[in-house]
Amino acid sequence: MHIMEAQLPGGLVRDGVIHRNVRFHVLTGLMAQSLIESATGHNRPGYVSNLLGLVLDHIGDLKADARLAAELCVADRQYLMLRLAALLDGEQMWRKVVCAHCESLFDIGLERSDTSVAAADGPMPDCQVPAQLRQASAADDNIPPASIAQPISVYSCQTRSAENETLGS
């Protein structure tokens with residue numbers, strides 16, 4: 001039984017504390033079956049949140065679940081999926097590459113643990129501006145595109161028409 005612990009590049013902020021240490025559950029046959037069965041549907045961010053909720057034991061001092069996994073930034077979620085792949089399939093992975101000169105295919109062996117990941121340094125940014133700024137998470141992927149595009153396009157049109165009036169166009 002192999003338990004994996006890792007350190008997130010970003011982390012989850014709770015009460016002024018950045019929780020970066022994560023611990024995976026021991027992966028069992030029953031858990032592997034659950035992972036396979038949960039792979040249905042078109043909501044990929046939701047799937048990743050559910051998957052991480054199943055395999056993570058803790059994020060820092062916090063008991064992990066799908067809701068908490070959804071609050072992680074995208075980079076942390078990608079990193080955790082890479083670590084999960086290493087638990088399931090091992091560190092070694094192979095990629096096919098096409099030679100730019102002769103267009104021949106060849107294989108390159110990579111270690112998942114060789115992926116360059118740097119921890120965020122210093123305190124997390126804290127800004128006070130008219131708009132509320134926050135780090136992107138999986139919840140953002142569930143917002144319908146129309147609800148995002150409408151305010152942006154209205155703002156852009158108003159800005160352009162004001163510029164055109166000023167320029168006399």
Side-chain angles (χ1 to χ4, degrees), residues 1-97 107-127 131-152:
M1 288 195 248
H2 181 70
I3 297 175
M4 180 185 284
E5 294 184 2
Q7 189 169 34
L8 297 173
L12 191 63
V13 179
R14 284 287 186 280
D15 300 322
V17 176
I18 302 173
H19 298 273
R20 285 196 174 122
N21 294 326
V22 294
R23 181 183 173 115
F24 285 81
H25 286 291
V26 174
L27 296 181
T28 63
L30 180 60
M31 187 172 289
Q33 181 67 31
S34 297
L35 297 177
I36 292 167
E37 290 173 356
S38 69
T40 60
H42 299 290
N43 181 352
R44 190 157 298 206
Y47 168 69
V48 170
S49 296
N50 290 334
L51 188 81
L52 292 175
L54 284 171
V55 299
L56 291 177
D57 182 29
H58 280 84
I59 300 172
D61 298 333
L62 309 170
K63 182 74 176 150
D65 60 14
R67 180 196 54 76
L68 198 62
E71 293 180 35
L72 291 168
C73 72
V74 173
D76 284 345
R77 292 161 55 87
Q78 290 172 339
Y79 174 74
L80 289 171
M81 293 301 287
L82 186 65
R83 299 312 320 137
L84 176 59
L87 273 176
L88 294 172
D89 298 328
E91 287 289 341
Q92 183 74 41
M93 64 181 181
W94 292 91
R95 294 292 180 246
K96 290 198 178 302
V97 179
D107 294 329
I108 294 180
L110 304 168
E111 297 284 325
R112 286 182 172 93
S113 60
D114 288 342
T115 304
S116 177
V117 177
D121 267 345
M124 296 297 230
D126 185 15
C127 304
Q132 182 182 3
L133 301 177
R134 62 180 173 70
Q135 197 166 24
S137 70
D140 299 314
D141 293 330
N142 294 322
I143 299 171
S147 65
I148 295 172
Q150 184 60 31
I152 293 170

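Quick caveat, the model's predicted, so the values are computed rather than measured. Throughout, residue positions are numbered sequentially from 1 according to the sequence presented.
Here the CD-CG distance, from Glu71 to Asp76, works out to 12.5 Å after rounding to the nearest 0.5 Å. With rounding to the nearest 0.5 angstrom, the CG atom of Leu54 is 10.0 Å from the CG atom of Leu30. Atoms CG and OG, on Leu56 and Ser49 in that order, are 10.5 Å from each other to the nearest 0.5 Å. Atoms CD1 and NZ, on Ile108 and Lys96 in that order, are 11.5 Å from each other to the nearest 0.5 Å. Summarising the geometry, atom SG belonging to Cys73 is positioned 8.0 Å from atom CG belonging to Leu8; distances are rounded to the nearest 0.5 Å. Once rounded to the nearest 0.5 Å, the distance linking CG of Asp89 with CG of Leu84 reads 8.5 Å.
A donor-acceptor pair is defined here as one N or O able to donate and one able to accept, closer than 3.5 Å; such a pair exists between the side chain of Arg77 and the backbone of Ala69. With hydrogens and angles ignored, the 3.5 Å screen pairs no side-chain donor or acceptor of His25 with any backbone N or O of Val55. Between the side chain of Asp65 and the main chain of Gly53, no donor-acceptor pair closer than 3.5 Å is present. For Asn50 (side chain) and Gly46 (main-chain N/O), a donor-acceptor pair under 3.5 Å exists by modelled atom type.
Heavy atoms from other residues, nucleotides or ligands lying under 6.0 Å from NZ of Lys63 number more than 12. Within 6.0 Å of the CG atom in Asp107, the count of heavy atoms belonging to other residues, nucleotides or ligands exceeds 12.
The shortest heavy-atom contact between Tyr79 and Ala6 is OH-CB, 3.8 Å. For the residue pair Met4 and Ala86, the shortest heavy atom distance occurs at CE-CB, 4.4 Å. Pairing each heavy atom of Ile18 with each of Gly11, the nearest pair is CG2-CA, 4.1 Å. Of all heavy-atom pairs between Ala64 and Ile59, the closest is CB-CG1, 4.2 Å.
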Requested in this report: Quick one: do Glu5 and Val22 satisfy side-chain contact (heavy atoms from CB on, under 4.5 Å)? Show the steps, please.
Outcome: CA-CA 6 Å; Glu5 294 184 2; Val22 294; over 6 Å; no
Requested in this report: Starting from the C-alpha separation in whole Å, work towards a yes-or-no answer on side-chain contact (heavy atoms from CB on, under 4.5 Å) for Leu87 and Phe24.
Outcome: CA-CA 9 Å; Leu87 273 176; Phe24 285 81; 3.8 Å; yes
**Report entry** Derivation and outcome, side-chain contact (heavy atoms from CB on, under 4.5 Å), residues Arg95 and Leu110
**Finding:** CA-CA 8 Å; Arg95 294 292 180 246; Leu110 304 168; 4.0 Å; yes
Requested in this report: Would you sort out whether Met81 and Leu51 count as a side-chain contact (heavy atoms from CB on, under 4.5 Å), showing the intermediate values?
Outcome: CA-CA 9 Å; Met81 293 301 287; Leu51 188 81; 3.1 Å; yes
Report task. Show your working on salt bridge (Lys or Arg N to Asp or Glu O under 4.0 Å) between Glu91 and Arg83 and close with a plain yes or no. Result -> CA-CA 9 Å; Glu91 287 289 341; Arg83 299 312 320 137; 2.6 Å; yes
